[in-house]
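Data first, discussion second: the structure below is written as structure tokens.
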Number of protein chains: 2
Amino acid sequence: MARKPPTKPRKNASQARSRATVDALVEATARILVREGFEKASTNRIAEVAGVSVGSLYQYFPSKEALVAAVIDRHNEEIMGFVRGAFVEVADMPVEPAVRRLVTVAIESHHINPRLHRVLDEQIPRAGKLDVEASNREVHALVRSYLESRRAELRKIDLGLAAFVCVSTIEAIAHNTVLNQAEMLSEKMVKTLIDETTRMVVGFLK
Amino acid sequence: MARKPPTKPRKNASQARSRATVDALVEATARILVREGFEKASTNRIAEVAGVSVGSLYQYFPSKEALVAAVIDRHNEEIMGFVRGAFVEVADMPVEPAVRRLVTVAIESHHINPRLHRVLDEQIPRAGKLDVEASNREVHALVRSYLESRRAELRKIDLGLAAFVCVSTIEAIAHNTVLNQAEMLSEKMVKTLIDETTRMVVGFLK
DNA sequence: AGAAAAAGCGAGTTATCGCTCGCATTATAT
DNA sequence: ATATAATGCGAGCGATAACTCGCTTTTTCT
């Protein structure tokens, strides 16, 4: 008897239907954030929408913040999936088409879940925002290493600085395009915008 | 007798020491945001730090949000003061030095109260963020009208689009420079960054 | 000086919300 | 079958925070 000490510190991994519970909780949180806003996302409400009890919620998430962080993480990973794929695609391309592709992907990736993206951007008090910062660093590193591989095509410039400028620029334009300009963007406008952004960045690098 | 109906709807203008009270409240809010963070900025605490009572607070501000909005407004107006000045300076300059000046001002303006700027950016759930949006529109209009006045120097390009790209780019680089890269920036690095950003934007426009 | 209005006060009300805890149900192991 | 662990439940506790209200103090006006 007494195989093991019951080990119940809090927030354990899962191995069956508990997975479903965790998923339901994260999904419910995302839905509430989108449909009712951050303020309405109380733990009781989240549990209710997820169809589980508050008690269950606290078995898997030590705090409300952890839950929101999980939503952010999930969304972030979706986007990073796209982005990493783009860098693989682009690895052997010359600068101009590569930049064009990356700009396009930056804009597309903001379309994954724009309503959630907006809420996360505008309403969530990201204290440490460790995840986002990690993604930023990763993107920076990816850009930098691509630029290194194409150094021959580029003018003399510090690659760290170049990567910083490229990432900031492309991200900002993609972000503002999708979130600020509402969704009233014609296909053609977007095409023009991609052309112009590409032109600017390529002109800067060469 | 009965000169006027007592008119006490809430949140009236002021005409004496009440100005001081209002100022103290806004200032206290800003200080708490910077020193203790958004979560600690309760109305009771704000009143305490301002040296007034909660009751007085609610005579001038109908809600906590109104107070935070006032802080945002004040900070925004400080920055917009700089920015408007820059556009006056720049009005008769050719594109290259004008862009250089605007990039410099964008970076400088993030140095006005960086700690507050960071808190407002990271911790404040800006619901409508009407003020910020208004500032954005104003900056966009200023850039656009400058570009119009220099149309002869520019390549053929839609000026609205050009303004959008310029504003997004310069703002993002300034923002990331001051807030993300910590404050570990040498004078020389900043100079290089201004050079490179100017080069990119000017190259894009011409 | 005296009255009325403006400004200020702060204990208390009300409500919400994060989170716990003891117990019930379901799955796994022997 | 029965013990043991895993999962789930939800009423309720404790804390906190936004905001009110009746009252006092200060200023303004005549």
Side-chain angles (χ1 to χ4, degrees), chain A residues 1-26 28-29 32-33 36-71 123-125 127, chain B residues 1-26 28-29 32-33 36-71 123-125 127:
Chain A
M1 326 107 194
R3 305 286 176 107
K4 280 177 186 174
T7 52
K8 281 178 61 183
R10 185 72 55 71
K11 187 186 187 251
N12 243 353
S14 35
Q15 62 197 175
R17 78 193 142 149
S18 55
R19 276 281 172 74
T21 301
V22 170
D23 274 7
L25 284 166
V26 176
T29 306
I32 295 172
L33 288 178
E36 309 177 36
F38 180 69
E39 304 223 311
K40 294 293 183 62
S42 68
T43 51
N44 285 309
R45 180 106 185 86
I46 291 169
E48 180 191 324
V49 170
V52 303
S53 75
V54 223
S56 297
L57 186 157
Y58 279 95
Q59 284 207 341
Y60 302 107
F61 297 93
S63 69
K64 181 191 166 180
E65 282 71 38
L67 212 20
V68 173
V71 172
Q123 293 186 34
I124 309 296
Chain B
M1 324 101 196
R3 306 288 176 109
K4 279 178 187 174
T7 53
K8 281 178 61 185
R10 183 74 55 70
K11 190 188 187 246
N12 244 353
S14 34
Q15 62 195 177
R17 77 193 143 147
S18 55
R19 275 283 172 72
T21 301
V22 170
D23 275 7
L25 283 166
V26 176
T29 306
I32 294 171
L33 288 178
E36 309 176 36
F38 180 69
E39 304 223 313
K40 294 294 182 65
S42 69
T43 51
N44 286 310
R45 180 107 185 86
I46 291 169
E48 179 190 324
V49 170
V52 302
S53 75
V54 222
S56 297
L57 185 156
Y58 279 95
Q59 284 206 340
Y60 302 108
F61 297 93
S63 70
K64 181 189 165 181
E65 281 71 37
L67 214 20
V68 173
V71 172
Q123 291 186 36
I124 309 296

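Residue numbering restarts at 1 for every chain, and letters A, B, ... go by the order of the sequence lines.
B/Phe38 and B/Gln123 make their closest contact through N-OE1, 2.9 Å (heavy atoms, listed as atom of the first residue, atom of the second, distance). Of all heavy-atom pairs spanning B/Val49 and B/Ala28, the tightest one is CG1-CB, 3.7 Å. For the pair B/Ser63 and B/Tyr58, the tightest heavy-atom approach, listed with the atom from each and the gap, is CA-CE2, 4.3 Å.
Computed from coordinates, the B/Tyr58 OH to C/dA6 C1' distance equals 21 Å when rounded to whole Å. Counting to the nearest Å, the P atom of D/dA18 and the OH atom of B/Tyr60 are 20 Å from each other. What separates CD of A/Gln59 from C1' of C/dC21 is a distance of 11 Å, to the nearest Å. Between B/Arg19 atom CZ and D/dT27 atom C1' the separation is 16 Å, expressed in whole Å. Summarising the geometry, the separation between CD on A/Glu48 and C1' on D/dC9 is reported as 15 Å, rounded to the nearest angstrom. Computed from coordinates, the B/Ile46 CD1 to D/dT16 P distance equals 17 Å when rounded to whole Å. Going from atom CZ of B/Phe61 over to atom C1' of C/dG8 covers 15 Å, rounded to whole Å. Rounded to an integer number of Å, the gap from A/Leu57 CG to D/dG8 C1' is 12 Å.
Within the 4.0 Å cut-off from OP1 or OP2 of D/dT7, not a single side-chain nitrogen or oxygen of A/Thr21 is found. Residue A/Thr43 places at least one side-chain N or O under 4.0 Å from the OP1 or OP2 atom of C/dG18. OP1 or OP2 of D/dT7 lies within a sub-4.0 Å distance of a side-chain N or O belonging to A/Ser18.
Within the nucleic acid shown, B/Val52 comes within 4.0 Å of sugar-phosphate atoms alone, with no base atom in reach, counting heavy atoms only.
Heavy-atom distances to DNA chain D give each of B/Arg17 and B/Asn44 a nearest nucleotide, and the one nearer the 5′ end belongs to B/Asn44. Nucleotides of DNA chain C nearest to A/Gly55 and A/Ala41 differ in position, and the one nearer the 5' end is that of A/Ala41.
Partners of A/Ser53 by side chain to side chain contact (heavy atoms under 4.5 Å, CB included), not counting sequence neighbours, listed by chain and number: A/Ser56. For B/Arg17, the salt bridge (Lys or Arg N to Asp or Glu O under 4.0 Å) criterion is met by no residue, not counting sequence neighbours.
Side chain of B/Ser53, nearest nucleotide from C/dA7, C/dT20, C/dG10: C/dG10.
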